[in-house]
Amino acid sequence: MRKQIVAGNWKMNCDLAETEALLNALKSQIIPESTQVMVAPPYTNLQHAFQSVKDHPITVAAQNMHQAENGAYTGEVSAAMLKSVGIKHVILGHSERRAYFGENNALLAEKVATALRHDMTVIFCFGEELTDRQHGREFDVVKDQLKHGIFQISENDWKQVILAYEPVWAIGTGETASPEQAQEMHAFIRRTIAEHFSEATAKEVSILYGGSVKPGNATEIFGKEDVDGGLIGGASLDAESFMAIVNAFK
Ligand code: 13P
């Protein structure tokens, strides 16, 4: 049975005090056993966050990492550094990294390989832009991102992978994909994995939807057969909203 997951991507929000306050608010809530809950604070607060939730069923993830082992890469953070402060999960390929920091499929393939070599779990993000959808090429774009960003991994590596389909036009815009659009794309993603790997692997991988998920729309989106949860931006910064989304599975 694949896992139900709700992950909060805090992006460049929350200083140390705010991180502490938000984690305390989450820790005071009951986390349903059926759902894996993750938060991804900025780098500076990862160690604190990891220590803070040590005895709670909340997983802390990083929002990014560098592909090299170490070296002269000013401003960057390696997989080993993340592991050394307890972090075993990393978001890779977020559309903001692709758009503002020039991350492309080839680079992401390297990052994925490095993360897996360090036995980390990758939350791999991808999704089409508005113009892609307007031109009817959303399936081609998504297939391309998967093929060139992550399909180089071995069948066995899929156990360490969570996918997050985030249509760029729905991120931070208040506009979500309809539950039907999300289901259609998630089913396509699963079929594509089945074609390149196996039915069994396709069935087991959790595919999250991201893009303006809120307490008011989460139940409907998560209710779709191939949607296994969400990657939440804005609404993850408020404990009450985030927990409402965590509890949105029927
Ligand atoms: P919003 O939920 O703010 O649209 O952001 C989604 C996202 O980018 C999560 O990674």
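Ligands are counted one by one from 1 in listed order, and the atoms in each one are counted from 1 as well.
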So is [X] in contact with ligand 1, going by heavy-atom distances below 4.0 Å?
X	answer
S212	yes
K214	no
A235	no

Backbone or side chain, does any N or O of [X] fall under 3.5 Å from an N or O of ligand 1?
X	answer
I232	no
G234	yes
H94	yes
G233	yes

Consider only side-chain N and O atoms of S198 and E155, and report whether a donor and an acceptor are under 3.5 Å apart.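 Side-chain D/A pair, S198 to E155: present.
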Can you tell me if [X] uses its side chain to pair, donor with acceptor, with the backbone of [Y] under 3.5 Å?
X	Y	answer
S236	F242	no
S206	K3	yes
H186	D226	yes
K250	T219	no
N247	A244	no

In sequence, state the C-alpha distance, the side-chain angles, and the governing distance for D228 and R190, and then conclude on salt bridge (Lys or Arg N to Asp or Glu O under 4.0 Å). CA-CA 12 Å; D228 304 308; R190 225 179 275 291; 2.8 Å; yes
Going by the atom numbers of ligand 1, which of them fall below 4.0 Å from some non-hydrogen atom of E166?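 Counting atoms of ligand 1 from 1, those under 4.0 Å from E166 are 6 (C), 7 (C), 8 (O), 9 (C), 10 (O).
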Is N9 touching ligand 1 with its side chain, its backbone, both, or neither, if touching means heavy atoms under 4.0 Å apart?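 The side chain, only.
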Location of contacts on A170 toward ligand 1, heavy atoms closer than 4.0 Å: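 Just the backbone.
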